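A quick write-up on the structure given underneath.
Please read these numbers as outputs of a predicted model, since none were measured by experiment. In this chain, numbering begins with 1 at the start of the sequence shown.
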Amino acid sequence: MAEARPAPVGGALRGSRCSRCAVAAYPADQACPRCGGAAAPAVLSATGTLWTWTVQRFAPKSPPYAVPEGGFEPFLVGCVELPEGVRVLAVLDGVRPEDARIGMPLAVTATGGGVPRAIRAAV
């Protein structure tokens with residue numbers, strides 16, 4: 001697994017926020033998952049903490065997964081909790097299994113329709 005920290009790629013996470021109870025959701029939805037009220041688009045925080053994680057040890061189904069040129073390599077997938085209370089599933093780039101810690105700070109970016117990516121955030 002890679003040890004270098006890659007630069008974040010992508011943009012802000014775009015979710016939604018309920019106009020009635022202010023609950024945030026990701027991915028965005030037109031209705032609130034808590035009260036059913038109308039939700040409006042919202043940009044979510046770019047940093048959060050690692051809530052839990054696992055190692056993806058086998059290649060996901062294809063499509064949509066495309067096997068890289070060098071073949072499949074196991075990677076970490078984590079659930080990142082944002083300050084809004086939303087938990088986002090993301091690929092953990094540059095984090096080795098032996099270095100992953102619950103509560104570690106992460107920076108999360110959207111990938112244009114794919115699974116978000118996260119890297120270690122500066123403390």
Side-chain angles (χ1 to χ4, degrees):
M1 305 232 173
E3 291 185 55
R5 284 191 201 179
V9 176
L13 290 174
R14 301 195 182 277
S16 57
R17 183 172 304 281
C18 179
S19 57
R20 190 182 317 166
C21 70
V23 163
Y26 182 84
D29 199 342
Q30 294 179 343
C32 174
R34 180 185 288 161
C35 73
V43 175
L44 301 176
S45 297
T47 59
T49 57
L50 186 58
W51 189 75
T52 192
W53 61 275
T54 190
V55 178
Q56 177 74 31
R57 297 188 191 280
F58 57 91
K61 285 192 170 206
S62 182
Y65 178 76
V67 179
E69 197 172 296
F72 174 77
E73 297 259 342
F75 58 92
L76 270 66
V77 177
C79 192
V80 181
E81 187 168 41
L82 303 179
E84 295 90 347
V86 176
R87 294 184 187 137
V88 176
L89 190 65
V91 173
L92 306 181
D93 289 324
V95 179
R96 299 178 308 180
E98 58 270 23
D99 297 331
R101 298 285 181 266
I102 303 301
M104 70 187 293
L106 296 168
V108 186
T109 57
T111 59
V115 175
R117 312 291 286 206
I119 61 170
R120 291 181 198 214
V123 180

Heavy-atom closest contact ([X] atom, [Y] atom, distance):
X: T111; Y: V115; value: OG1-O, 3.0 Å
X: T47; Y: P83; value: O-CD, 3.2 Å
X: L82; Y: V108; value: CD2-CG2, 4.5 Å

Can you confirm whether Q30 is buried at CD, in the sense that more than 12 heavy atoms of other residues, nucleotides or ligands lie under 6.0 Å from that atom?
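Not more than 12 within 6.0 Å, no.
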Hphob cluster co-occupancy, [X] + [Y], side-chain heavy atoms under 4.5 angstrom:
X: L76; Y: M104; value: yes
X: V43; Y: V80; value: no
X: F75; Y: V67; value: yes
X: I102; Y: L106; value: yes
X: V55; Y: V95; value: yes

Are side-chain heavy atoms of S45 and E84 found at a separation under 4.5 Å?
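Heavy-atom side-chain distance check passes, below 4.5 Å.
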Do any side-chain atoms of residues 11-29 form donor-acceptor pairs under 3.5 angstrom with protein atoms, and if so which ones, sequence neighbours left out?
from : atom 1 : to  : atom 2 : distance (Å)
S16  : OG     : D29 : N      : 3.1
S16  : OG     : D29 : O      : 3.2
R17  : NH1    : A22 : O      : 2.9
S19  : OG     : A38 : O      : 3.0

Measuring from atom [atom1] of [X] to atom [atom2] of [Y], what distance do you get when rounded to the nearest 0.5 angstrom?
X: Q56; Y: W53; atom1: CD; atom2: CH2; answer: 13.0 Å
X: T52; Y: E81; atom1: OG1; atom2: CD; answer: 11.5 Å
X: R117; Y: D93; atom1: CZ; atom2: CG; answer: 4.0 Å

Apply side chain to side chain contact (heavy atoms under 4.5 Å, CB included) to A31 and list each qualifying residue two or more places apart in sequence or on a separate chain.
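By the side chain to side chain contact (heavy atoms under 4.5 Å, CB included) rule, A31 matches no residue at all.
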